[in-house]
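Sequence lines set the chain letters: A, B, ... in the order given, protein chains first and strands last, and positions in each chain run from 1.
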Amino acid sequence: MINSLRTTASNPLTLLESTSTLKELHQIHAQLIVSGHLRHPRLLAKFVSLLALSQNTPHHLPYSRKILNHSPSSPTTFALNNLIRAHSKPPFNPLQAFNFYSQILHSPSLSPDNFTFTFLVRASAHLTSAAIGAASHAAALKRGHADDPHVQSSLIHMYSSFRSSTACHRLFEGIQDPDVVMQTAMIGAYAASGDIDVARKVFGEMPHRDAIAWNAMIAGYSHVGRCREALELFSAMQGESVSVSEATMVSVLTACAQLGALDQGRWAHAYIQKKRIQLTVTLGTSLIDMYSKCGSVDRAMEVFKAMPEKNVYTWSSAMSGLAMNGAGKQCIEVFELMEKEELEPNEITFVSVLRGCSIVGLVDRGLEYFDLMKSKYGIEPWPEHYGCMVDLYGRAGRLEEALQFIKSMPSKPHSGAWGALLNACKIYRNIELGELALSKILEIETMNDGAYVLLSNIYADFGNWKGVCSVRELMKAKGVRKEPGCSVIEVSGLVHEFFVGDKSHPMYQEIEVMLGEINWKLKLAGYAAKTNEVLFDIEEEEKENALIWHSEKLAIAYGLIALKEGVTVRIVKNLRVCWDCHDWTKFISKVFGREIIVRDRNRFHHFKDGVCSCKDYWRVRLEGFNELLLGKFSIVQWARVNLSYHSRKYINSGVYLKLGQKKERKSEIKDRSIPLAPPRPSDARVPPDHHLTHGVPSDHHLKPGVPPDHHLTPEFCQTTT
DNA sequence: CTAGGGTTAG
């Protein structure tokens with residue numbers, strides 16, 4: 001060390017680049033004092049700046065502050081600018097930047113320059129207070145630096161981070177000749193506020209687009225969930241031979257993850273390797289996320305294990321991936337490993353572990369972590385953590401304790417907490433609590449379609465058709481419409497999209513034949529008998545409903561046609577899988593010897609050999625079945641209580657038992673003359689963003705004279721929460 | 001001697 005110092009005595013500052021320990025830093029500092037270097041304000045400034053900006057050595061910044069405060073000569077603007085700069089990005093406190101700014105102001109020989117404001121505005125963007133940001137802007141104006149192009153683009157970025165698109169717009173309009181950087185900042189600003197089409201307009205009108213502009217546009221599409229366009233733009237980018245970077249691939253992977261497009265994601269991974277794009281922590285984390293959300297946890301964990309450097313995002317991503325794929329125990333293991341490595345978990349890490357505990361029903365462990373969060377890490381629980389705890393207790397059937405958790409929340413419970421309770425009420429058939437939960441949710445957000453559907457399902461579980469009707473009435477009165485079910489499947493790189501009852505796929509004929517074959521085989525296996533006979537015996541209007549296939553059934557059937565034997569069928573669905581489809585898929589996995597992975601709104605279902613990875617944990621508990629059968633109730637009564645509407649419909653229709661239920665139910669159904677048809681896919685609020693390979697779905701089964709039964713189609717029994 | 005825009009987990 002000393003030797004190397006001597007040899008580089010002419011410029012000891014170059015040593016800083018390879019310095020990481022505090023001891024080495026002390027040695028260099030001592031050497032600079034001895035040699036008299038630090039008496040020169042210029043060199044002192046350089047030393048301080050280098051220290052402040054040295055990456056991956058967080059202890060250098062506080063050290064540089066100390067040197068500056070204790071040096072005999074007063075600091076220069078250059079040094080202070082660089083300290084502001086160092087504090088303009090996390091993990092350092094951006095508020096500190098203002099101390100250095102005021103140091104410039106209070107020093108009679110110094111005044112802030114265009115660099116000062118560029119850095120100060122950048123620091124302001126990381127604050128939560130838009131007022132401080134505006135004050136930085138005002139100061140720049142007052143000192144005559146607001147016209148500087150660097151300051152201007154930082155200002156757009158800052159207002160964008162405050163979600164103030166009007167401020168961005170005003171600023172941008174005032175610039176006569178905006179350059180690429182400002183335009184790119186505006187793309188980011190419009191994308192952040194959801195005006196992606198306006199962003200695209202800016203992008204389209206740019207005379208010159210560099211790689212970062214492309215990245216910003218692709219990221220914008222990914223951000224708002226327009227994944228197909230993100231991927232299209234990515235291929236356009238390659239066509240223009242713009243250089244692809246880490247940031248590009250992160251957005252591409254995010255798009256693949258949202259789509260659940262494993263093939264595309266794999267391709268992107270291979271592309272990264274082929275182009276030798278450096279696998280940074282951020283990129284690695286995106287890969288983990290992509291593989292997890294495409295149902296390929298094993299690959300996700302491979303990437304995770306291979307990463308030499310990880311951060312909280314990486315760990316949290318791995319944990320949440322395991323949790324959503326049903327691997328709760330592994331999720332907990334990863335958390336324990338993280339603790340062992342003495343990495344500091346954050347709020348989101350705890351959301352992930354708690355979900356892991358929830359999915360495998362480890363209530364006590366979850367409670368332990370909830371307490372640990374506060375006691376060991378000093379993290380105040382967010383509403384989301386309470387939501388996890390409600391879910392944890394709720395899924396375990398401990399509804400009262402779940403309610404107590406809601407009541408213990410320090411602030412007003414959010415709809416997610418009540419939603420978790422409502423979900424538990426559906427599983428454990430608790431009408432009173434369910435009604436309470438729904439009313440609370442509706443106080444907060446009136447348009448939550450999933451909440452209405454869940455409560456309606458609870459009523460349906462009890463055969464309470466009046467309740468079902470009243471929910472539908474309420475939805476109609478409030479103008480709430482249920483999101484249409486939609487499933488997608490990727491076949492040789494193309495994403496095929498199916499809506500409920502959708503006949504518009506070019507291969508629909510073949511799909512229908514396949515569905516017939518499936519039903520025939522499942523019948524032999526002891527399953528299909530129900531549905532088939534139902535189709536025979538039910539009334540005309542019901543028959544029409546029974547023929548409406550859920551979107552995942554269509555997608556799975558297509559997958560069986562289009563995918564080679566042995567290839568896993570992967571489905572991504574926008575809503576939750578219904579009970580009937582869940583059973584149907586379990587049977588297929590056994591009868592056809594096919595692995596099927598369904599990603600629904602909340603989690604993955606890995607079907608293999610007739611079993612699902614979710615262990616049916618979200619379903620109605622059936623333990624009481626035998627007891628009920630043996631005496632107290634008839635099977636129809638049992639079914640009324642235990643089965644969801646359309647499963648019960650098969651039984652009630654008299655195929656199995658003719659116990660007079662049918663007539664009674666019929667008349668009740670006739671009563672509910674609510675002409676609320678399921679929303680047409682074509683005018684869905686937000687059309688799901690999947691690759692439409694076959695045009696707009698047909699809606700011929702939704703013609704105006706929809707029978708009143710329509711709103712109780714099986715699809716309605718699927719929830720969106 | 002310093003600079004602006006794009007990227008990760010619920």
Contact residues, residues 233-249 of chain A to DNA chain B [heavy atom, < 4.0 Å]: S245(A), E246(A), A247(A)
Between the base of dG5(B) and the side chain of D179(A), is there a donor and acceptor pair under 3.5 angstrom? no
What is the distance, to the nearest angstrom, from the CG atom on L120(A) to the P atom on dT2(B)? 20 Å
Nearest whole angstrom, please: distance from the P of dT7(B) to the CE of M217(A). 12 Å
Candidates dT7(B), dG5(B), dG10(B) - which lies nearest the side chain of T282(A): dT7(B)
Take atom CG of D113(A) and atom C1' of dG4(B), then tell me their distance rounded to the nearest Å. 14 Å
Rounded distance [0.5 Å steps], OG1 in T254(A) versus NZ in K293(A): 8.0 Å
Atom CZ of R85(A) and atom P of dG4(B) are separated, to the nearest Å, by 6 Å
Rounded interatomic separation in angstrom, taking CG from L283(A) and P from dG6(B): 18 Å
So that I can tick it off, tell me whether E333(A) and K329(A) are bridged by a salt bridge, with the cut-off set at under 4.0 angstrom between side-chain N and carboxylate O. no
Write down the distance between CD (E309(A)) and C1' (dT8(B)), rounded to a whole number of angstrom. 13 Å
If I take atom CG in residue D148(A) and atom C1' in nucleotide dG4(B), what distance separates them, rounded to the nearest angstrom? 8 Å
Quick one: which of dG5(B), dA9(B), dA3(B) gets closest to the side chain of A185(A)? dG5(B)
Have a look at W382(A) and say if it touches a base, only the backbone sugar-phosphate, or nothing, with a 4.0 Å heavy-atom cut-off. base
Classify the side chain of S317(A) versus the base of dA9(B) as yes if they form a donor-acceptor pair under 3.5 Å and no if they do not. no
Heavy atoms only, 4.0 Å cut-off, all strands: where does K293(A) land among base, sugar-phosphate and nothing? sugar-phosphate
Answer yes or no: side-chain N or O of T184(A) and base N or O of dG5(B) forming a donor-acceptor pair under 3.5 Å. yes
Is the shortest side-chain N to carboxylate O distance from R226(A) to D197(A) below 4.0 Å? yes
Indicate, yes or no, whether a donor-acceptor pair under 3.5 Å links the base of dT8(B) to the side chain of T285(A). yes
Among dG6(B), dA3(B), dT8(B), the one nearest N215(A) by side-chain distance: dG6(B)
Does E347(A) have any side-chain contact (heavy atoms from CB on, under 4.5 Å) partners at least two apart in sequence or in another chain, and if so, which? I379(A), W382(A), H385(A)
Within residues 156-177 of chain A: residues closer than 4.0 Å to DNA chain B (heavy atoms): H157(A)
Is the number of heavy atoms from other residues, nucleotides or ligands under 6.0 Å of K275(A) NZ greater than 12? no
Under 4.0 Å, counting only non-hydrogen atoms across every strand here, what does F350(A) touch: a base, just sugar-phosphate, or nothing? nothing
Base of dG4(B), side chain of S154(A) - is there a donor-acceptor contact under 3.5 Å? no
Output side-chain donor-acceptor pairs under 3.5 Å for residues 335-342 of chain A, partner residues at least two apart or in another chain, one line each.
{"unit_1": "E336(A)", "atom_1": "OE2", "unit_2": "R365(A)", "atom_2": "NH1", "d": "3.2"}
{"unit_1": "E339(A)", "atom_1": "OE2", "unit_2": "K376(A)", "atom_2": "NZ", "d": "2.9"}
{"unit_1": "E339(A)", "atom_1": "OE2", "unit_2": "Y377(A)", "atom_2": "OH", "d": "2.5"}

Mind checking the CG-OH spacing from D289(A) to Y313(A)? Nearest 0.5 Å is all I need. 12.5 Å
Centroid separation F172(A) to Y190(A) less than 6.0 Å: no
Can you tell me which nucleotide in dG10(B), dT2(B), dT8(B) comes closest to the side chain of F119(A)? dT2(B)
Donor-acceptor pairs under 3.5 Å, side chain of residues 208-217 of chain A to any protein atom, not counting sequence neighbours: which ones?
{"unit_1": "R209(A)", "atom_1": "NE", "unit_2": "F203(A)", "atom_2": "O", "d": "2.9"}
{"unit_1": "R209(A)", "atom_1": "NH2", "unit_2": "G204(A)", "atom_2": "O", "d": "3.3"}
{"unit_1": "D210(A)", "atom_1": "OD1", "unit_2": "I212(A)", "atom_2": "N", "d": "3.3"}
{"unit_1": "D210(A)", "atom_1": "OD1", "unit_2": "A213(A)", "atom_2": "N", "d": "2.9"}
{"unit_1": "N215(A)", "atom_1": "OD1", "unit_2": "T248(A)", "atom_2": "OG1", "d": "2.6"}
{"unit_1": "N215(A)", "atom_1": "ND2", "unit_2": "S245(A)", "atom_2": "OG", "d": "3.3"}

Would the distance check show the side chain of S107(A) and the main-chain N or O of I104(A) forming a donor-acceptor pair, the cut-off being under 3.5 Å? no
Between F304(A) and the options T314(A), T285(A), L322(A), the side chain to side chain contact (heavy atoms under 4.5 Å, CB included) test singles out T314(A)
Between the side-chain atoms of N81(A) and the base atoms of dA3(B), is any donor-acceptor pair under 3.5 Å? no
Measure the spacing between CG of L367(A) and CE of M389(A) and express it to the nearest 0.5 Å. 4.5 Å
Of the nucleotides dG4(B), dT8(B), dA3(B), which one has an atom closest to the side chain of V250(A)? dT8(B)
Which of the following nucleotides, dT8(B), dG6(B), dG10(B), is nearest to the side chain of V351(A)? dG10(B)
Quick check on contacts: within residues 135-143 of chain A, what sits under 4.0 Å from DNA chain B by heavy-atom distance? none
Let's test your reading of the model: under 3.5 Å, does the base of dA9(B) pair with the side chain of N311(A) as donor and acceptor? no
Below 4.0 angstrom, N of the basic side chain to O of the carboxylate: do R170(A) and E173(A) qualify? no
Return the value, rounded to whole Å, for the distance between atom OH of Y221(A) and atom C1' of dG6(B). 15 Å
Stacking check: are the rings of H150(A) and dG4(B) less than 5.5 Å apart at their centres and under 30 degrees in tilt? no
What nucleic acid atoms does V180(A) come within less than 4.0 Å of, heavy atoms only: base, sugar-phosphate, or nothing? base
Establish, yes or no, whether a centroid distance under 6.0 Å links the rings of F370(A) and Y386(A). yes
Using a cut-off of strictly less than 4.0 Å, decide whether R122(A) has a side-chain nitrogen or oxygen near OP1 or OP2 of dG4(B). yes
